[in-house]
Amino acid sequence: MVDLVLFLEECPYCSQPEYRIVITRGEEKEEELKHVKQPNFFYVTGLNGVNQTSSVSEFILLGLPSWPEDQKPLFIPFLIIYLVTISGNLLIILAIRSDAHLQTPMYFFLSFLSFTDICFTTTIVPKMLVNFLSERKAISYAGCLTQMYFIYAFGNSDSCLLAVMAFDRYVAICDPFHYVTTMSHHRCVLLVAFCSFPHLHSLLHTLLLNLLTFCDSNVIHHFLCDLSPLMKLSCSPTFVNEIVIITEGAVVLVTPFLCIALSYIRILITVLKIPSASGKHKAFSTCVSHLTVVALFYGSIFYVYLQPVSTYTVQDHIATVVYTVLSSMLNPFIYSLRNKDLKQGLGKLMSRWRS
């Protein structure tokens with residue numbers, strides 16, 4: 001006889017007790033039910049004919065693995081990070097829109113990067129904050145897929161905008177006499193519109209994930225609905241998903257980075273030809289902020305995603321926090337602290353509010 005049995009086992013990630021529903025034969029596991037306390041969350045299951053497969057209607061987000069038992073102390077730090085991210089990026093947008101001296105392609109792209117960062121962070125952090133204070137850290141199946149869709153859509157839009165900004169620096173330094181015609185407002189709008197292409201990439205992965213069957217466990221050892229942890233929970237073959245990640249996913253992730261790398265190689269060659277040291281310093285100074293953001297963003301992303309799904313471990317959570325939460329908060333500081341024009345624009349905005 002085939003039975004649906006609840007039993008207790010140790011979580012392989014955080015060594016904490018974990019409740020699972022499994023399908024087993026015989027009575028050997030039934031004795032363990034006597035020693036299991038009432039679980040504080042449940043798996044939504046349903047039996048289906050002879051196959052007895054179960055499916056989930058929600059997932060449990062365990063959060064950051066370093067604090068598996070009580071994550072309430074994390075609420076205040078992440079709330080501060082979120083408020084700083086929103087206010088910092090909003091100030092960048094308002095300063096650029098209100099100052100006539102900042103109506104250039106570079107700041108036009110920066111304003112859209114700030115807007116995307118606000119959307120990106122809002123997709124992730126509010127749910128984290130709710131879960132920090134909640135006993136039952138549940139997210140619905142539809143909510144999980146929706147979150148994953150927007151994470152990949154806005155994350156890859158950020159990546160695309162960084163590539164566009166690198167191209168802007170390339171034209172400004174390597175072909176300054178044609179900069180105005182090459183980076184016309186019409187062309188800038190088209191480049192930003194092209195950065196909405198990642199939404200199709202995100203939709204593809206979301207639809208493919210929706211075809212999978214989830215059973216046995218609905219516990220996600222993560223603070224967000226990410227592709228790799230979700231695929232590890234699937235009890236149906238994930239071969240097609242992994243092939244698409246390796247091919248199409250790698251192209252979408254690596255192509256903007258290659259564009260950035262090629263742009264800066266050309267910039268470096270051009271700058272090294274400048275005879276004066278002051279000229280070289282001036283040319284490089286316009287790229288430092290952008291290069292810092294690129295290193296922070298791509299360094300953490302490559303660490304997480306350029307590895308097989310099966311090797312995804314708890315250590316990847318820290319890198320995920322860096323590119324999903326910290327980079328969006330740090331971007332306004334990185335761009336404003338080293339940019340005299342932007343600092344002046346922010347100063348004018350503040351003085352206008354005080355008066």
>> Tell me every residue that passes side chain to side chain donor-acceptor pair (under 3.5 Å) with S114, counting only those two or more places apart in sequence or in another chain.
In response: N89
With heavy-atom distances below 4.5 Å as the criterion, would you say the side chains of [X] and [Y] are in contact?
X	Y	answer
L62	K137	no
T286	R169	yes
T121	M329	no
L102	L342	yes
C160	F197	no
V219	H221	yes
L129	F132	yes

>> Tell me if the NZ atom of K282 is crowded by more than 12 foreign heavy atoms within 6.0 Å.
In response: no
Interatomic distance, [X] atom [atom1] to [Y] atom [atom2] [nearest 0.5 angstrom]:
X	Y	atom1	atom2	answer
S134	K127	OG	NZ	7.0 Å
D158	N331	CG	CG	7.0 Å
L326	T85	CG	OG1	8.0 Å
F78	M128	CZ	CE	4.0 Å
M350	L94	CE	CG	9.5 Å
T123	Q147	OG1	CD	7.5 Å

If I compare all heavy atoms of [X] with all of [Y], which pair ends up nearest, and what's the gap?
X	Y	value
F297	Y323	O-CB, 4.0 Å
V125	Y82	CG1-CB, 3.6 Å
P256	A163	O-CB, 3.7 Å
M165	M106	CE-O, 4.5 Å
I274	K280	O-CE, 2.8 Å
D117	S328	OD1-OG, 3.5 Å

Classify the ring geometry between [X] and [Y] as parallel (under 30°), tilted (30 to 60°) or perpendicular (over 60°).
X	Y	value
F167	Y170	tilted
F257	Y298	tilted
F108	F112	perpendicular

> Less than 4.0 Å between a side-chain N and a carboxylate O, is that true for K72 and E135?
Replying inline: yes
Cluster link [X] to [Y], ILVMFWY, side chain under 4.5 Å:
X	Y	result
L203	L230	yes
L200	V254	no
L204	L212	no

> Does the pair H222 and F59 meet the rule for a ring pair (Phe, Tyr, Trp, His ring centres under 6.0 Å), with working shown?
Replying inline: CA-CA 11 Å; H222 214 320; F59 294 99; over 10 Å; no
>> Could you walk me through whether K273 and T270 satisfy the side chain to side chain contact (heavy atoms under 4.5 Å, CB included) test, starting with their C-alpha distance in whole Å, then the side-chain angles of each, then the deciding distance to 0.1 Å, before giving a yes or no?
In response: CA-CA 5 Å; K273 293 178 181 177; T270 302; 5.8 Å; no
Whether the [X] and [Y] side chains hold a donor-acceptor pair (N or O, under 3.5 Å, no angle test) is what I'd like checked.
X	Y	result
H101	Y107	no
Y179	D168	yes
H199	Y149	yes
E248	H205	yes

> ring pair (Phe, Tyr, Trp, His ring centres under 6.0 Å): which pairs involve residues 325-355, sequence neighbours left out?
Replying inline: none
>> I'd like to check the side chain to side chain contact (heavy atoms under 4.5 Å, CB included) partners of A95; sequence neighbours left out, ordered by chain and number.
In response: L346, L349
> Can you check side chain to side chain contact (heavy atoms under 4.5 Å, CB included) on F194 and L161, steps first, answer last?
Replying inline: CA-CA 9 Å; F194 177 74; L161 282 167; over 6 Å; no
